[in-house]
Amino acid sequence: GLNLWESLFENLPLLPAGAALWQLIGPYGVTILTGAPGGSGVLYAKVKWIERHLNPSPKHVIKQSDKRPYATDEESGKPNLLIDDWSHNIEGWLNGGGVAVQFDEADSQANLQAVSAILTGEE
């Protein structure tokens, strides 16, 4: 059966702030970078969660706890956007040349405004 980590990740609810954010960014073709504490079962549980809750589906789901190598586009060198709730990940991303928004589940409007500004180039 599922271990504790696996069932935790598979059964998390989709928060309203996350749903609103996904409506905005989902159509852009998103890559999800996610750590998987506890191994492949956790990654599988997260993928199941993504399949259940995120529509349109992300373009890629990559198991990666060190997100910084993805901060810029490999070919063009253009900055990529990271939306993350961990300030540690945000810092590394910015240091790697990317742009970032710290996700706040309590302030959906702030998330949407910050992300919109970056996507439309009006930051």
Side-chain angles (χ1 to χ4, degrees):
L2 292 176
N3 74 29
L4 207 58
W5 270 119
E6 291 165 27
S7 61
L8 170 76
F9 284 117
E10 192 168 334
N11 297 310
L12 282 173
L14 175 61
L15 297 169
L21 179 65
W22 194 260
Q23 275 192 307
L24 175 66
I25 66 173
Y28 283 87
V30 177
T31 295
I32 292 184
L33 301 172
T34 183
S40 59
V42 166
L43 184 64
Y44 177 75
K46 286 185 171 185
V47 168
K48 296 295 288 180
W49 185 94
I50 288 164
E51 287 170 354
R52 186 181 312 144
H53 293 289
L54 300 185
N55 188 10
S57 295
K59 206 164 57 169
H60 305 288
V61 178
I62 299 174
K63 179 185 178 301
Q64 180 64 277
S65 43
D66 177 14
K67 300 176 183 188
R68 184 175 164 163
Y70 294 87
T72 57
D73 183 84
E74 244 179 344
E75 283 158 29
S76 69
K78 281 180 18 187
N80 284 321
L81 167 62
L82 176 72
I83 304 166
D84 203 300
D85 55 351
W86 272 41
S87 54
H88 171 79
N89 287 335
I90 299 269
E91 263 168 59
W93 191 267
L94 294 172
N95 291 337
V99 290
V101 169
Q102 186 151 1
F103 179 80
D104 180 353
E105 71 185 48
D107 193 348
S108 184
Q109 213 42 53
N111 298 328
L112 298 176
Q113 283 168 342
V115 171
S116 287
I118 290 167
L119 294 177
T120 57
E122 291 167 13
E123 40 173 338

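None of these values were measured; they are calculated from a predicted model.
Under the 4.5 Å side-chain criterion, counting only non-hydrogen atoms from C-beta, Asn95 is in contact with Arg68. With contacts defined as side-chain heavy-atom distances shorter than 4.5 Å, the pair Leu54/Ile32 qualifies. For the pair Lys63 and Lys46, the minimum side-chain heavy-atom distance is 4.5 Å or more. Contact of the Val115 side chain with the Leu81 side chain is registered, since non-hydrogen atoms from C-beta on lie closer than 4.5 Å.
Between the side chain of Lys67 and the main chain of Leu33, a donor-acceptor pair closer than 3.5 Å is present. Listed for the Lys59 side chain is no donor-acceptor partner under 3.5 Å among the backbone atoms of Tyr28.
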_Chi angles and distances behind the side-chain contact (heavy atoms from CB on, under 4.5 Å) call for Lys78, Asn80_ = CA-CA 6 Å; Lys78 281 180 18 187; Asn80 284 321; over 6 Å; no
*Begin with the C-alpha distance, continue with both residues' side-chain angles, and end with the deciding distance and a verdict on side-chain contact (heavy atoms from CB on, under 4.5 Å) for Trp93 and Asp84.*
CA-CA 10 Å; Trp93 191 267; Asp84 203 300; over 6 Å; no
_Please evaluate residues Asn111 and Ile83 with respect to the criterion side-chain contact (heavy atoms from CB on, under 4.5 Å), reporting the C-alpha separation (whole Å), side-chain torsions for both, the decisive distance (0.1 Å), and the verdict._
CA-CA 9 Å; Asn111 298 328; Ile83 304 166; over 6 Å; no
*Mind running side-chain contact (heavy atoms from CB on, under 4.5 Å) on Leu14 and Trp22 for me, showing each step along the way?*
CA-CA 10 Å; Leu14 175 61; Trp22 194 260; over 6 Å; no
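A distance of 10.0 Å separates CD of Gln23 from CG of Asn55, quoted to the nearest 0.5 Å. Separation of atoms CG (Leu43) and CD (Glu6) is listed at 10.5 Å; rounding is to 0.5 Å. Here the NE2 atom belonging to His53 is positioned 10.0 Å from the CG atom belonging to Leu15, to the nearest 0.5 angstrom.
Under a cut-off of 6.0 angstrom, the local environment of CD in Glu51 is crowded, with over 12 non-hydrogen atoms contributed by other residues, nucleotides or ligands.
Side-chain heavy atoms closer than 4.5 Å link hydrophobic residues (I, L, V, M, F, W, Y) into clusters, and following such links, possibly through other members, connects Ile25 to Trp49. A continuous path of Ile, Leu, Val, Met, Phe, Trp and Tyr side chains, each step under 4.5 Å between heavy atoms, connects Val99 with Leu119, placing both in one hydrophobic cluster.
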